[in-house]
Amino acid sequence: MKKVVGLGACVLDTLISCDTYPREDTKQKAESVFVSGGGPVGNALVVMSKLGLNASVLGNFAGDTAGVYLLNDFKKYGVDTSYAHVVKNASSFTSYILLSADKKTRTCLFDRGTVPDDPAALDFSVLDSAAVLHLDGNYLRCAVAAAKYAKEKGVKVSLDAGGLYENIQTLLPYADILIPSAEFAKGITGAAEIPAAMEILQKKYAPEILAVTDGSNGGFYWNGERAVHYESVKVNAVDTNGAGDTFHGAFIAAYCEGKTPEESCAFANKVAAYKCTQKGARTYPLSKEIAQNLF
């Protein structure tokens with residue numbers, strides 16, 4: 001069983017389902033409210049654990065109620081938390097997510113909390129036996145330190161570049177597996193189209209694997225010479241929150257099994273589409289057997 005380590009945003013999500021997105025300065029009844037662990041790296045680790053990888057979370061966590069919930073939630077899904085460092089007087093990263101039934105969209109408000117971005121508090125030895133380190137650009141000082149350590153140990157570095165976070169470009173040279181969003185790829189390169197953005201990223205940073213996710217439009221992967229488009233799987237979406245995180249987790253699981261970029265994208269695409277048919281970023285049933293028989 002291959003080992004993967006994740007360091008990045010681990011968030012306590014409060015998801016609020018509503019028929020339509022509320023108008024400003026009004027009151028509206030919610031259809032349902034539930035709480036779940038979330039965050040790009042956090043959700044990806046849960047997916048990887050469900051798909052049979054030995055997953056560990058590395059990072060600083062707050063010692064508040066939300067932090068305790070997040071660590072217990074990881075344990076529930078088989079993610080190792082023994083390398084999580086708890087900071088007693090910090091507050092956790094939290095978010096409130098509105099899920100609109102009619103538009104099939106999500107709208108998020110978040111508070112980053114006060115968890116310190118302090119690599120000195122972390123034990124990077126968890127990476128010594130890992131196949132992949134997965135990052136998302138959050139807690140950048142810790143992420144860069146972990147990426148440097150990983151490269152020294154021959155561990156592949158995966159980067160979920162979902163947003164144009166401040167100074168995230170400092171992580172790009174370390175990424176062996178670079179999978180940005182379309183927004184990021186075009187924004188960081190200035191290119192108007194995804195294939196042109198991918199060509200610029202490939203030439204500048206030369207990742208081993210390069211793919212771009214583009215939501216319901218599918219995405220692209222680099223075949224060694226050019227960007228190749230893949231279609232999305234059309235489903236009746238009930239909750240798109242965490243779909244991108246799921247894609248990354250499933251992609252890494254496929255990669256660790258020796259799949260090609262094309263095969264890994266196809267697998268991750270199906271798993272992410274399946275997640276969109278389920279409510280919650282983590283609570284839905286998923287296993288290797290379920291994933292192999294999707295669509």
Side-chain angles (χ1 to χ4, degrees), residues 6 8-47 50 57 59 61-62 64-74 76-77 79 91-115 134 136-139 160-165 180-184 213-217 232 235-250 268 271-286:
C10 299
V11 186
L12 185 66
D13 288 340
T14 300
L15 295 104
I16 306 166
S17 297
C18 49
D19 288 336
T20 61
Y21 188 78
R23 291 182 294 108
E24 188 175 348
D25 200 25
T26 63
K27 293 181 179 180
Q28 182 173 318
K29 177 181 176 295
E31 295 305 307
S32 67
V33 178
F34 70 99
V35 175
S36 171
V41 157
N43 289 337
L45 283 171
V46 170
V47 169
K50 288 182 177 183
V57 63
F61 283 77
D64 59 4
T65 301
V68 172
Y69 181 100
L70 289 170
L71 291 175
N72 286 335
D73 200 49
F74 277 131
K76 181 171 69 176
Y77 294 111
V79 177
S91 61
S92 293
F93 197 146
T94 57
S95 74
Y96 299 85
I97 301 163
L98 289 175
L99 304 172
S100 170
D102 65 338
K103 298 295 185 182
K104 311 297 184 187
T105 58
R106 64 179 177 117
T107 302
C108 178
L109 295 170
F110 62 85
D111 176 4
R112 288 192 175 274
T114 61
V115 173
H134 185 48
D136 62 16
N138 288 282
Y139 304 109
D160 173 358
L164 290 163
Y165 307 131
S181 65
E183 174 192 9
F184 180 96
T213 58
D214 193 22
S216 61
N217 296 318
S232 65
V235 295
N236 181 22
V238 298
D239 177 7
T240 60
N241 186 53
D245 314 335
T246 300
F247 182 98
H248 284 267
V271 177
Y274 165 67
K275 180 267 147 301
C276 291
T277 68
Q278 310 289 316
K279 185 170 286 189
R282 301 184 181 182
T283 54
Y284 60 95
L286 179 63

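As a basis for the values below, the full set of heavy atoms in this structure was taken, side chains included, without hydrogen atoms, waters or symmetry mates.
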### Summary
Tyr165 meets the ring pair (Phe, Tyr, Trp, His ring centres under 6.0 Å) criterion, sequence neighbours left out, with none
### Task
Measure the CD-CG distance between Glu183 and Leu164 for me, rounded to the nearest 0.5 Å.
6.0 Å
### Query
Looking at CG of Asn236 and OG1 of Thr277, how far apart are the two atoms once the value is rounded to the nearest 0.5 Å?
8.5 Å
### Message
Tell me the closest heavy-atom pair linking Thr246 and Lys275, and the distance in Å.
### Response
OG1-CG, 3.6 Å
### Query
What pairs with Asp73 under salt bridge (charged side-chain N to carboxylate O under 4.0 Å, His left out), at least two apart in sequence or on another chain?
Lys76, Arg282
### Query
Side-chain contact, heavy-atom cut-off 4.5 Å: Asn138 with Arg112?
yes
### Query
Between Asp136 (side chain) and Ala9 (backbone), is there a donor-acceptor pair under 3.5 Å?
yes
### Task
Output, in order, the C-alpha distance, side-chain angles, deciding distance and verdict of side chain to side chain donor-acceptor pair (under 3.5 Å) for Asp64 and Ser92.
CA-CA 7 Å; Asp64 59 4; Ser92 293; 2.6 Å; yes
### Query
What closest approach, in Å, do Ala62 and Ser91 show between heavy atoms, and which atom pair accounts for it?
CB-C, 3.5 Å
### Summary
In short, Ala250 meets Val47 closest at the heavy-atom pair N-CG1, 3.7 Å
### Message
Just to verify, what does Tyr77 make a ring pair (Phe, Tyr, Trp, His ring centres under 6.0 Å) with, not counting sequence neighbours?
### Response
none
### Query
Is there a donor in the side chain of Asn241 and an acceptor in the side chain of Asp239, or the other way round, less than 3.5 Å apart?
no
### Task
Check side-chain contact (heavy atoms from CB on, under 4.5 Å) between Lys103 and all other residues, then give those that pass, not counting sequence neighbours.
Ser100, Thr105
Return all side-chain donor-acceptor pairs below 3.5 angstrom for residues 10-17, not counting sequence neighbours, or 'none' if the list is empty.
unit_1 : atom_1 : unit_2 : atom_2 : d
Asp13  : OD1    : Ser95  : OG     : 2.4
Ser17  : OG     : Ser32  : OG     : 3.3

### Query
If you measure only the distance, is there a donor-acceptor pair under 3.5 Å linking the side chains of Ser232 and Ser216?
no
#### Entry: Partner residues of Asn72 under the side-chain contact (heavy atoms from CB on, under 4.5 Å) criterion, sequence neighbours left out
Val68, Lys75
### Query
Less than 4.5 Å apart, any side-chain heavy atom of Cys18 and any of Gln28?
yes
### Task
Might you point out which heavy atoms bring Pro285 and Gln278 nearest each other, and give the distance in Å?
CD-OE1, 4.1 Å
### Task
Kindly compute the distance separating NE2 (His248) from OG1 (Thr213), expressed to the nearest 0.5 Å.
5.0 Å
### Closest approach of Pro180 to Phe184 (non-hydrogen atoms, all atoms of both residues)
CB-CD2, 3.5 Å
### Query
Would you call the rings of Phe110 and Phe93 parallel, tilted or perpendicular if under 30° counts as parallel and over 60° as perpendicular?
tilted
### Message
Do Val115 and Phe61 have side chains that approach each other closer than 4.5 Å (heavy atoms only, starting at C-beta)?
### Response
no
### Message
Less than 4.5 Å apart, side chain to side chain, heavy atoms only: is that true for His134 and Pro40?
### Response
no
